[in-house]
Amino acid sequence: MSDIAATPADRIPSDRPTPERVPGKALTLHFADNTLLPLLLGDHDRHLARLEQGLGVRLSCRGNRVAIAGDPARVEAAQLALTGLWRRLERGDAVTQADVDAAIRMSDFEDPRLPLSDAPAIRTKRGAVGPRSPGQSAYMEALSRAEMVFGIGPAGTGKTYLAVAQAVAMLQAGKVDRIVLSRPAVEAGERLGFLPGDLKEKVDPYLRPLYDALNDMMPGEQVVRRMATGEIEVAPLAFMRGRTLAHAFVILDEAQNTTPVQMKMFLTRMGEGTRMVITGDLTQVDLPAGTRSGLRDALDTLEGVAGIAVCRFDKRDVVRHPLVARIVDAYDQRAAAERDTRRGRTAGGEAAAGT
């Protein structure tokens, strides 16, 4: 970078009170464009404060210099985050609170990845869609190279959104002829027939997240036109039976709610020149009790097969409201505690039986 320079510092100047010296590494970043620097810092240095909190470093700004102090690994992560955000500003992009949170995730000192500005991007005619977490970065790389991708993880990790973005990008580039988006309507069960309207009106509520993602990627009138011509198809899983899908980008969302038979049926629809993405969350299975999830069955059967990529997300990849990540973590902790309790009871029962 020609307009950012990093220099080590033995003593970090700060406008804030510092009761004690922060041990570890210290360096100073020099930014050449003073008109962009306020956008990097945020109103009342809000972005700087967020980076401090998220990365566990001390940041201070004087003039066109931002000083970083703290643990060496965290200082390096903060340097990556600031550098990535600065490059966004140089390209003319805005830096929002969400972008700062994404930079923190992408510069995680426990899981170092490329700077946010160097991460892969999916380019549609509405603009570039970039990763906001290390897991999303790996997922986007898999979407670009693998013919079949499984995206597994909790809500809010962008599994479906990024898959739709890749589908739209490939359609607009002429790499596929159509997009097929599908979901099982398991939640409706036998009650589907009692819902008002024709078949489309009955199943549309279960496909709404796919419509929302499409409308984010291309103008609404283009979505309507392409759906009318068959270039974009949104349909329940049951509509896939008996078909061969060639030269298409096919996405199966909420795949945890398929049965093994349904999953095998879907996967074997793949034809020449087709890409498939299967997304789901194995902690939110709505199938009847005792029914094995087709998604879990497929992972047990297919993981490791050439041409198939499996990407797993966790709470660190949740890019919705920060509270969502804490909610996911709380449920995970409770589930782990319940498993430990069951193991303890089993072990106690076996010990009693042995006596």
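As the structure is a computational prediction, the values presented were derived from the model and not from experiment.
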*Flag, side chain of Asn215 to backbone of Tyr211, donor-acceptor distance under 3.5 Å*: yes

*So which of Tyr139, Tyr161, Phe150 actually passes side-chain contact (heavy atoms from CB on, under 4.5 Å) with Thr279?*
Tyr139

*Does Arg132 pair with Asp101 as a salt bridge, N-O distance under 4.0 Å?*
no

*Between Glu233 and Arg226, does at least one N-O distance fall below 4.0 Å, as a salt bridge requires?*
no

*asked:* Using the side chain to side chain contact (heavy atoms under 4.5 Å, CB included) criterion, which residues pair with Thr244? Sequence neighbours excluded.
replied: none

_Residue pairs passing the salt bridge (Lys or Arg N to Asp or Glu O under 4.0 Å) test where at least one lies in residues 153-166, sequence neighbours excluded_ = none

*Does Arg178 reach the main-chain N or O of Ala248 with its side chain, forming a donor-acceptor pair under 3.5 Å?*
no

*If you measure from CD on Gln256 to CZ on Arg296, what distance do you get to the nearest 0.5 Å?*
10.5 Å

*Quick one: CD on Gln79 to CG on Leu55, what's the gap to the nearest 0.5 Å?*
12.0 Å

*What closest approach, in Å, do Pro184 and Asp253 show between heavy atoms, and which atom pair accounts for it?*
CD-O, 3.2 Å

*May I ask you to decide whether Glu141 forms a salt bridge with Arg145, counting only side-chain N to carboxylate O separations under 4.0 Å?*
no

*Relative to each other, are the rings of Trp86 and Phe31 parallel, tilted or perpendicular (30° and 60° limits)?*
tilted

_Are Phe239 and Met270 linked, directly or through intermediate hydrophobic residues, by side-chain heavy-atom contacts shorter than 4.5 Å (ILVMFWY only)?_
yes

*With the threshold set at 4.0 Å, does a side-chain nitrogen-carboxylate oxygen contact exist between Arg74 and Glu52?*
no

*Are any side-chain N or O atoms of Ser137 and backbone N or O atoms of Pro131, one a donor and one an acceptor, separated by less than 3.5 Å?*
no

*asked:* Whether the side chain of Arg88 engages the backbone of Ala94 through a donor-acceptor N/O pair (distance < 3.5 Å, no angle test) should be reported.
replied: yes

*Hey, is the main chain of Ala337 close enough, under 3.5 Å, to the side chain of Thr341 for a donor-acceptor pair?*
yes

*Name all residues meeting the side-chain hydrogen bond (donor to acceptor under 3.5 Å, both in side chains) criterion together with Thr35; count only those two or more places apart in sequence or in a different chain, and write none if there are none.*
Asp33

